[in-house]
Amino acid sequence: MSGGVDSSVTAALLMQQGYDVTGVYMKNWSQDLPGMACPWKQDYQDAKRVAVQLGIPFKLYDFEKQYREKVVEYMIDEYQAGRTPNPDIMCNQEVKFKLFLHAALADGADLIATGHYARIVRGASSSSSRPAGVSPKWSPRTIQRDYRLDGQFSARERSGGAGGAAALIGLNAETEHSLRSGVLSPHPSPSVLSAPGGPQGVPLQVRSGKHTELHAGVDVNKDQSYFLCRVTEDALQKSLMPIGEYTKPEVRELARKFGLYTAEKKDSQGICFVGNVGIKEFLQQFVTSRAGRIIDQHGKVLGEHDGALFYTIGQRQGLGIGGGLPYYVVGKNIDKNEVYVTNDLQDSRLWHDELTLTSPHWINEPPCAESPEGRYAVRTRYRAPLLGVKQIRQLENGNWHLVLAEEVRALTAGQSAVLYEDDRVVGSGIVI
RNA sequence: GGGCCCAUAGCUCAGUCGGUUAGAGCAGCGGCCUUUUAAGCCGCGUGUCCUGGGUUCGAAUCCCAGUGGGCCCU
């Protein structure tokens with residue numbers, strides 16, 4: 001439990017569904033930064049307060065050292081190499097769905113849960129049997145909502161269930177933002193275990209196949225499946241993301257109905273766990289930088305920047321150069337410490353219709369190269385538009401090459417390109 | 001040496017047949033959106049209108065001189 005609304009509601013929903021829940025706050029960062037005091041204590045308090053309201057055990061898992069090593073150092077190294085990493089994807093891959101999961105299991109939990117706006121679909125038959133060429137729209141909801149807060153479980157039991165696994169949940173927390181994950185508790189309640197389809201309320205989605213898939217959240221605006229693109233299927237099998245079935249407004253409403261202390265707490269933002277601090281200000285605490293030149297599409301020096309590593313492709317603000325049309329970063333040279341910009345929105349360096357991915361990670365199985373155009377769609381930045389994939393194939397060196405049906409703006413090395421088949425996350429790779 | 005053009009907000013400029021509190025875009029700042037980085041949206045302009053004189057009820061707008069740029073011609 002992070003101390004935010006999402007993980008609070010996650011815990012409440014799981015309780016309502018009959019799980020034996022234990023709340024867990026993940027302490028991954030506690031250092032204050034210039035201009036921003038680390039909110040971890042406040043978040044911890046909020047999470048604990050909700051746990052008390054729910055009457056569930058509450059714990060704190062400390063991963064500061066590992067978070068620093070796996071996420072912060074990775075982020076710093078990437079920026080110094082001239083790329084733009086996504087620390088939250090790394091956090092999910094290395095911390096939440098690895099360290100936290102293992103710690104929770106070792107602690108006796110059967111499952112963990114997080115407050116992500118994404119859905120885990122169990123027993124799916126996987127993409128191989130799906131019709132190709134489906135339109136890239138999210139599939140309709142298949143879940144029934146049950147806002148009952150009286151603590152009673154619906155008498156109805158669902159069938160078809162495989163997921164009946166059992167378990168429990170906790171939620172983790174972090175600093176401001178986000179996260180919401182959970183730990184499970186050691187002793188799943190019998191009632192839960194006996195229910196074929198899992199607890200009621202928002203039951204596990206189950207299909208006839210054998211795969212456990214990751215799908216986009218029901219709320220298209222809040223969907224966070226992008227950040228979970230590097231989580232393994234094994235980890236998903238032991239995870240629950242109950243709020244993925246709801247929209248943010250619904251989650252807020254649930255929080256109010258449950259009377260949760262965090263019902264009206266403002267959403268946090270920024271680097272997960274670290275807080276709402278500017279990326280540049282954050283990096284400046286760990287790296288030294290020097291001024292360099294800003295050069296336009298004609299080779300003209302327009303001004304100076306304070307370190308090429310701080311800029312990312314497509315960036316507009318922070319350049320400090322004016323005069324006519326806005327300028328956007330289209331490239332940079334770390335060795336020369338130069339940043340290249342253009343004020344021509346049609347500049348070819350700002351648009352690409354193909355991309356190459358390294359470090360591929362497929363959740364269930366690799367994409368099928370013989371797929372017809374339109375079967376897959378890709379997203380190259382969080383909240384960026386989903387673009388149709390015309391062609392996808394693996395290269396000799398193991399990397400993957402995609403040809404898009406339309407141009408993508410500001411393709412940026414280091415960012416994750418997440419492949420979707422309908423609303424299912426196939427996997428992702430790092431843009432090079 | 002001569003002729004012409006320009007000099008207005010940090011930047012690029014509009015406004016100059018004289019007349020409300022001098023405007024726009026970009027940048028910057030603030031906010032919204034957002035668990036990365038961006039983008040996008042909304043809001044914010046307190047400037048010696050190059051300087052010094054002059055004309056006028058009144059000048060960024062007219063005149064003179066100067067300074068600083070640019071172009072052209074012998």
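Treat the numbers as computed from the prediction; the structure is a model and nothing was measured. Chain A is the first sequence line, chain B the second, and so forth, proteins listed ahead of strands; every chain is numbered from 1. Just the heavy atoms: all of them, side chains too, but no hydrogens, waters or symmetry mates, feed the values below.
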Taking [M] as the reference, what is the distance to [N] when you measure between their [atom1] atoms (whole Å, please)?
N: B:C44; M: B:G10; atom1: C1'; answer: 16 Å
N: B:A27; M: B:U21; atom1: P; answer: 31 Å
N: B:U46; M: B:G2; atom1: C1'; answer: 44 Å
N: B:G40; M: B:A59; atom1: C1'; answer: 43 Å
N: B:G70; M: B:G30; atom1: C1'; answer: 40 Å
N: B:U55; M: B:C62; atom1: C1'; answer: 8 Å

Heavy atoms from C-beta onward define the side chain here; which of [options] lies closest to that of [X]?
X: A:Gln315; options: B:C33, B:U35, B:A39; answer: B:A39
X: A:Lys266; options: B:A39, B:U35, B:C32; answer: B:C32
X: A:Phe227; options: B:U36, B:C32, B:G28; answer: B:U36

Using 0.5 Å steps for rounding, measure from the [atom1] atom of [X] to the [atom2] atom of [Y].
X: A:Glu213; Y: A:Arg424; atom1: CD; atom2: CZ; answer: 5.0 Å
X: A:His401; Y: A:Leu355; atom1: NE2; atom2: CG; answer: 7.0 Å
X: A:Asp77; Y: A:Met75; atom1: CG; atom2: CE; answer: 10.5 Å

[X] [atom1] to [N] [atom2], straight-line distance once rounded to whole Å:
X: A:Lys96; N: B:U35; atom1: NZ; atom2: C1'; value: 7 Å
X: A:Ile321; N: B:G28; atom1: CD1; atom2: C1'; value: 13 Å
X: A:Gln317; N: B:G31; atom1: CD; atom2: P; value: 12 Å
X: A:Ile279; N: B:A38; atom1: CD1; atom2: P; value: 7 Å

*Hey, can you pull the residues of residues 402-419 of chain A with a non-hydrogen atom under 4.0 angstrom from RNA chain B?*
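Under 4.0 Å from RNA chain B: A:Arg409, A:Gln415.
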*asked:* Below 4.0 angstrom, which residues in residues 324-342 of chain A have at least one non-hydrogen atom near RNA chain B?
replied: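 Going residue by residue through residues 324-342 of chain A, the ones with a heavy atom under 4.0 Å of RNA chain B turn out to be A:Gly324, A:Leu325, A:Pro326, A:Tyr328.
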*Partner nucleotide, any strand, of B:C71 [Watson-Crick/G-U, under 3.5 Å]*: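 B:G3 is the nucleotide pairing with B:C71.
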*Nucleotide paired to B:C49 in any strand shown, Watson-Crick or G-U, under 3.5 Å*: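 Across all strands, not a single nucleotide pairs with B:C49.
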*asked:* My understanding is that only one of A:Lys332, A:His305, A:Glu304, A:Glu338 makes a side chain to side chain contact (heavy atoms under 4.5 Å, CB included) with A:Ile294; could you say which?
replied: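 It is A:His305; the other options fail the test.
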For the pair [X] (side chain) and [Y] (backbone), establish whether a donor and an acceptor sit closer than 3.5 Å, ignoring hydrogens and angles.
X: A:Trp29; Y: A:Val72; value: no
X: A:Arg122; Y: A:Gln237; value: yes
X: A:Asn28; Y: A:Tyr67; value: no

*Quick one: is A:Arg316 getting a side-chain N or O under 4.0 Å of the B:G40 phosphate, OP1 or OP2?*
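Yes, because at least one side-chain N or O of A:Arg316 sits under 4.0 Å from OP1 or OP2 of B:G40.
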_Heavy-atom closest contact (A:Ile56 atom, A:Ala11 atom, distance)_ =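 Shortest heavy-atom separation between A:Ile56 and A:Ala11 comes out as CD1-CB, 4.4 Å.
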_What verdict does the salt bridge (charged side-chain N to carboxylate O under 4.0 Å, His left out) test give for A:Lys65 and A:Glu69, after you've listed the backbone C-alpha separation in whole Å, the side-chain angles of each residue and the deciding distance to 0.1 Å?_
CA-CA 6 Å; A:Lys65 183 166 180 288; A:Glu69 293 172 354; 3.2 Å; yes
